[in-house]
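Reading through the C-alpha cells given below for one structure.
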Protein chains: 2
Amino acid sequence: MGEAAKRRHGDAAEKLPAEGTQARRFGKTRSAQSTALLEDYVELIADLLMSSGEARPTDIARRLGVSHATAVKTISRLKRAGLATARPYRGAFLTEKGRALADRVRVRHRLVVDLLRALGVPTEAAEADAEGIEHHVSETTLKAFAQYLKSLG
Amino acid sequence: MGEAAKRRHGDAAEKLPAEGTQARRFGKTRSAQSTALLEDYVELIADLLMSSGEARPTDIARRLGVSHATAVKTISRLKRAGLATARPYRGAFLTEKGRALADRVRVRHRLVVDLLRALGVPTEAAEADAEGIEHHVSETTLKAFAQYLKSLG
DNA sequence: TACAACATGTAGCCTTGGCTAAACTTTGAC
DNA sequence: GTCAAAGTTTAGCCAAGGCTACATGTTGTA
Ligand SMILES: [Mn+2]
Ligand SMILES: [Mn+2]
Ligand SMILES: [Mn+2]
Ligand SMILES: [Mn+2]
C-alpha cells in the first residue's frame with residue numbers, strides 16, 4: 001500500500017464508507033441503470049397505446065430522440081425480457097408483465113415529479129430531472145416521498 | 001398511422017408531452033448517464049487520495065465492486081477526458097479539471113443525501129439512492145434542494 | 001538477497017445502446 | 001389500381017463498460 005503514504009496521510013484520514021458497503025451501493029446503481037431504458041420504453045409504449053392505440057417504432061424513436069433502428073433493437077430486448085410482443089408492421093404491445101411494470105413506473109414517475117415540484121423545482125426541470133432520477137429511487141425512498149407529500153395536504 | 005386506430009382511441013387521448021420536448025428530456029438523461037461513471041470515479045479518487053494519499057486501481061475496483069481490469073480501463077478513459085493522470089504502479093491522480101469536477105460532485109452528493117434524509121429517508125437508503133440520483137439533478141433542482149434545506153434551518 | 005504474494009497491465013470476449021445504409025412492406029393519394 | 005411516400009426490418013459499424021485469463025512488475029519479509 002505504501003507505508004510512507006499511510007503515515008503521511010493516514011492520521012488525517014476522512015471516514016470513507018466500508019469497502020463492502022460502498023461496493024454494494026455502486027452495484028445497486030449499476031443494476032438500476034441497466035433496467036432504466038426498459039422502464040422508459042414500457043412506460044412510453046403504454047402511453048402510446050393508450051393515446052393512439054398503437055406503438056410503432058418510428059413514434060417511439062421520435063419521442064425518445066433516437067433512430068428508428070435503435071428503437072427496433074430495444075423492442076427486441078423488451079421481447080427477450082418478456083415485457084413486450086410485436087407483430088410485424090403493427091408495432092409493439094405489452095405483456096401482462098410489461099403492463100404491470102408500466103403501471104409501477106408511471107406511478108413512480110408522477111410521484112418523483114410531484115415531489116420535486118413540491119420542493120419548488122420549476123415544472124420543466126422537474127419533468128426532465130425526474131426522467132433520470134426515477135430509476136434510482138428505492139421503494140423506501142418512494143414511501144418517504146409519498147409521506148412527505150401527504151403531510152403537505 | 002392507422003386511421004381506424006386513430007378514430008377508435010384518439011378521442012380519449014391523454015395529453016402526452018410534445019414529441020420534441022419529450023425527446024429533449026430523454027436526451028438529457030442519456031447524456032447524464034454517459035458522464036455518471038466518470039463523476040463517480042473522480043469523486044472516489046479524490047476521496048482515496050485524501051484519506052490514504054494514493055488511489056490505486058485495485059482499491060478503486062474493490063470500492064466500486066468491479067474487477068481491477070475494469071478500473072484500469074476506466075482510468076484510461078479519465079486520462080483521455082483530461083480528468084486524471086496515472087504513473088505506472090503509483091495509481092491515479094487528478095488534473096486541475098478533475099479536482100474541480102470532484103469538488104462539484106462531492107458537494108452535490110452531500111446535498112442530495114442531506115435532502116433525502118431531511119425528507120425522512122433512512123441513512124443507508126439515502127446514501128444508496130443518492131449514488132444514482134445525483135447524476136440526474138440539474139443546477140436548477142440543486143438550488144431548490146439547497147433552498148429547502150436552508151428553510152429548515 | 002531472494003522470492004512469494006500482491007498489484008498492474010494487456011488481450012480478448014460479451015452485452016448494451018447508439019448510428020447509417022439498404023432492402024422490403026404497407027398504405028394512402030390520385 | 002398504381003405507385004410514391006412512409007414505415008419496417010436487417011445488417012454492419014462503433015464506443016462504453018462489464019468480465020476472465022495471463023503475463024509482467026513491485027515489494028515486504030523471511
Ligand atoms: Mn426515465
Ligand atoms: Mn419516466
Ligand atoms: Mn454516483
Ligand atoms: Mn457520489
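Residue numbers start from 1 in every chain, and the chains themselves are labelled A, B, ... in the order their sequence lines are given, proteins ahead of strands. Keep in mind that what you see is a predicted model, and the values were worked out from it rather than measured.
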Please lay out, stage by stage, how His135(A) and Glu39(A) fare under the test side chain to side chain contact (heavy atoms under 4.5 Å, CB included).
CA-CA 8 Å; His135(A) 309 285; Glu39(A) 292 179 346; 2.6 Å; yes
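Contact check, Arg30(A) against dA16(D): no side-chain N or O comes under 4.0 Å of OP1 or OP2. The shortest distance between the side-chain N/O atoms of Thr58(B) and the OP1/OP2 oxygens of dA7(C) is not below 4.0 Å. For dC19(C), one of the phosphate oxygens OP1 or OP2 lies less than 4.0 angstrom from a side-chain nitrogen or oxygen of Ser67(A).
Of the listed nucleotides (dT27(D), dT27(C), dC19(D)), dT27(D) has the atom at the smallest distance from the side chain of Arg90(B). For Pro57(A), counting side-chain heavy atoms from C-beta on, the closest listed nucleotide (dT8(D), dT10(C), dT16(C)) is dT8(D). Across dA11(D), dC13(D), dG9(C), the shortest atom-to-atom separation from the side chain of Ala69(A) is found for dA11(D). Here the side chain of Arg56(A) is nearest to one of dT8(D), dC19(D), dA16(D), namely dT8(D). Each of dG18(D), dG25(D), dG7(D) was ranked by its minimum atom distance to the side chain of Tyr89(B); first place goes to dG25(D).
With rounding to whole Å, Ile75(B) atom CD1 is found 16 Å from dA16(D) atom P. For the pair Arg62(B) CZ and dG18(D) P, the computed distance is 18 Å after rounding to whole Å. Put simply, CZ on Arg87(A) is 12 Å from P on dT9(D), counting in whole angstrom units. Atoms CG (Leu64(A)) and C1' (dG18(C)) sit 12 Å apart, rounded to a whole Å. Per the geometry, NZ belonging to Lys73(A) stands 9 Å off P belonging to dG18(C), to the nearest Å. One atom, CG of Leu48(A), and another, P of dG7(D), lie 14 Å apart when rounded to the nearest Å. For Glu39(A) and dT16(C), the CD to P distance is 16 Å, given to the nearest whole Å. Rounded to a whole Å, the CD1 atom of Ile60(B) is 20 Å from the P atom of dC6(C).
Remark on DNA chain D: of its neighbouring residues Gly65(B) and Arg80(B), the 5'-side contact belongs to Arg80(B), judged by nearest-heavy-atom nucleotide. If you find the closest nucleotide of DNA chain D to Gly91(A) and to Gln33(B), the one lying nearer the 5' end belongs to Gly91(A).
You'll find the side chain of Ile75(A) reaches within 4.5 Å of the side chain of Ile60(A), heavy atoms only. Counting heavy atoms from C-beta outward, Asp59(A) and Arg62(A) have side chains that approach closer than 4.5 Å. Residues Tyr148(A) and Leu119(A) are in side-chain contact: their nearest non-hydrogen atoms beyond the backbone lie under 4.5 Å apart.
When heavy atoms are screened at a 4.0 angstrom cut-off, Val66(B) is found touching the sugar-phosphate backbone but no base atom.
Follow the hydrophobic side-chain contacts under 4.5 Å out from Leu101(B) and you never reach Leu111(B); the two are in separate clusters.
The base of dG9(C) sits with one of its N or O atoms less than 3.5 Å from a complementary donor or acceptor on the side chain of His68(B).
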